[in-house]
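Everything below concerns the one structure shown next.
Note: hydrogens, waters and symmetry copies are ignored here, and every other heavy atom, side chains too, is used. Because the structure is a prediction, the values reported are computed rather than measured.
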Amino acid sequence: ADIGTYADDADLTYTDKPSKSDLESDLNGYTFGTVTVYVDGTSTGAPTVTDIDSLRTVLDNGKLVEVYADDTNEINRVVIINTYLARAESDYDTEDKKLSIEIYGSAGSVTLDNDYFAVSSYLEDDYLLVTASTNDRTWTVRSVAPATVVKDGTVNSYRNGDYVTVNGTQYKYNATAKAASSGALGQSLMTSGGYSLGEGYNVYLDSYGYAIGVEGYTSSIDLSNYVFITDADKSGFEYIAKAVFMDGTSKTITVDKTA
């Protein structure tokens, strides 16, 4: 089974973890039959759902969970679709019409074809949200969308495994991203803390508004594009300066324009 292949609409849809009483209200009139559960397109290793309590265990922040029932309101299928953060490894290739991305938590890179996904506008180090089906460690991307970025935001407070507050706004963590061994960007920050209060961080949000990745703002800057000037003397209308590059090498350069 693959993500997005079902023609019928879900009877119930969740992207967070409701209270048990709210879930009981939603399921009033429904019964549980033999339920097949799919996670990212496969039933292999999927959790078992037999009642309200076991259904609630699979509901969580940032997980799209679709509940399907037959004409008698007997629940027979639950589809769980996780969202993953990805980074463009290079600019979109205008000749091949493809984009190479790294999906955090997956094995290796994935190439996206613009004939199937609208990826022509992405540049190197842009961040994307993807859903994917997995089979024996093979990832097949099913959807692509740009990630929302809270850039260089000041961390005001945080609670390990729960949320981070940036610029006065609280962002709860995407459940899949904060899970142990998820490979998510900043997973250790999400679960173990270590934020420097008052410092700048980039927070990447999924389509439901949950934090799916976190990193220090300075670590997201490519310093290879920067040069440090240690000495400068004016010579006519120009400056002769000693430049130190990030690889440790230095060079005397001529600067013909200053701010």
Side-chain angles (χ1 to χ4, degrees), residues 3-4 15-16 40 60-64 81-94 96-134 139-155 158 163-167 169-179 181-192 194-196 199-226:
I3 293 172
T15 57
D16 60 4
D40 291 341
D60 218 331
N61 296 338
K63 289 176 177 278
L64 173 60
I81 302 174
N82 294 301
T83 300
Y84 301 91
L85 183 67
R87 179 186 64 85
E89 295 184 309
S90 58
D91 291 353
Y92 170 75
D93 190 320
T94 56
D96 292 340
K97 297 184 178 180
K98 293 179 180 180
L99 178 73
S100 178
I101 65 171
E102 171 195 6
I103 304 176
Y104 290 97
S106 74
S109 302
V110 174
T111 299
L112 303 178
D113 193 317
N114 196 57
D115 288 340
Y116 301 100
F117 303 99
V119 293
S120 61
S121 63
Y122 289 100
L123 302 175
E124 183 177 3
D125 291 331
D126 282 349
Y127 284 82
L128 308 81
L129 302 172
V130 302
T131 62
S133 59
T134 60
W139 288 60
T140 302
V141 172
R142 298 298 177 182
S143 69
V144 174
T148 298
V149 184
V150 180
K151 189 174 181 180
D152 194 17
T154 300
V155 171
Y158 61 91
Y163 67 83
V164 61
T165 302
V166 177
N167 294 341
T169 299
Q170 184 185 100
Y171 300 100
K172 287 187 172 292
Y173 296 127
N174 174 289
T176 303
K178 73 178 183 181
S181 304
S182 69
L185 179 66
Q187 189 271 343
S188 61
L189 282 172
M190 299 182 197
T191 56
S192 303
Y195 292 102
S196 296
E199 295 296 318
Y201 290 83
N202 290 347
V203 180
Y204 304 92
L205 305 179
D206 65 20
S207 55
Y208 314 113
Y210 297 106
I212 196 170
V214 185
E215 67 176 342
Y217 173 67
T218 54
S219 65
S220 69
I221 299 174
D222 183 4
L223 293 178
S224 64
N225 295 323
Y226 289 78

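Here Y201 and Y217 keep their ring centres 6.0 angstrom or further from each other. Remark: aromatic rings of Y163 and Y158 are distant, center separation not under 6.0 Å.
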Self-check item: Worked check of ring-ring contact (aromatic ring centres under 6.0 Å, His included) between Y92 and Y122
Solution: CA-CA 6 Å; Y92 170 75; Y122 289 100; 9.0 Å; no

Quiz item: Does the pair L205 and V150 meet the rule for a side-chain contact (heavy atoms from CB on, under 4.5 Å), with working shown?
Solution: CA-CA 8 Å; L205 305 179; V150 180; 4.1 Å; yes

Practice problem: Carefully, step by step, assess D126 and R87 under the rule side-chain contact (heavy atoms from CB on, under 4.5 Å). | Solution: CA-CA 6 Å; D126 282 349; R87 179 186 64 85; over 6 Å; no

Quiz prompt | Derivation of the side-chain contact (heavy atoms from CB on, under 4.5 Å) call for Y127 and L185 | solution = CA-CA 11 Å; Y127 284 82; L185 179 66; 3.9 Å; yes

Quiz item: Run the side-chain contact (heavy atoms from CB on, under 4.5 Å) check on V144 and L129 step by step: do they pass?
Solution: CA-CA 6 Å; V144 174; L129 302 172; over 6 Å; no

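For the residue pair L99 and D91, the shortest heavy atom distance occurs at CD1-C, 4.1 Å. Shortest non-hydrogen contact noted between Y171 and A211 is CB-CB, 4.3 Å. Closest approach of K178 and T191 over heavy atoms only: O-CG2, 3.1 Å. Contact detail for A175 and D60: the closest heavy-atom pair is CB-CG, 3.4 Å. Shown here for A177 and S182, the closest heavy-atom pair between the two residues is O-OG, 2.6 Å. Looking at every heavy atom in both residues, L128 comes nearest to A88 through CD1-N, 3.8 Å.
For the pair Y195 and V164, the minimum side-chain heavy-atom distance is below 4.5 Å. Residues Y173 and I212 are not in side-chain contact: their nearest non-hydrogen atoms beyond the backbone lie 4.5 Å or more apart. Annotation: side chain of N61 is not in contact with side chain of Y208 (no heavy-atom distance under 4.5 Å).
If you check the side chains of E215 and Y204, you find a donor sitting under 3.5 Å from an acceptor. With 3.5 Å as the limit, one finds a donor-acceptor pair spanning the side chains of N82 and K63. A donor and an acceptor atom, one from each side chain of S133 and R142, are located under 3.5 Å apart. In the model, T131 has a side-chain atom that pairs as donor or acceptor with a side-chain atom of S143 under 3.5 Å. Residues S100 and E89 have side chains that bring a donor and an acceptor to within less than 3.5 angstrom of each other. Under 3.5 Å, the side chains of D206 and T83 contain no donor-acceptor pair of N or O atoms. In the model, T154 has no side-chain atom that pairs as donor or acceptor with a side-chain atom of E199 under 3.5 Å.
Judged purely by atom type and a 3.5 angstrom limit, N202 uses its side chain to pair as donor or acceptor with the backbone of D152. Of the possible donor and acceptor atoms, one in the side chain of N114 sits under 3.5 Å from a partner among the backbone N and O of S120.
Residues K97 and D113 are not paired through a salt bridge, judged by the lack of any N-O separation under 4.0 Å between the basic side chain and the carboxylate.
The number of heavy-atom neighbours closer than 6.0 Å to NZ of K172, taken from other residues, nucleotides and ligands shown, is above 12.
Between the CZ atom of F117 and the CD1 atom of I101 there is a distance of 8.5 Å, given to the nearest 0.5 Å. One distance of note links CG of L112 with CG of D93; it measures 12.5 Å at 0.5 Å rounding.
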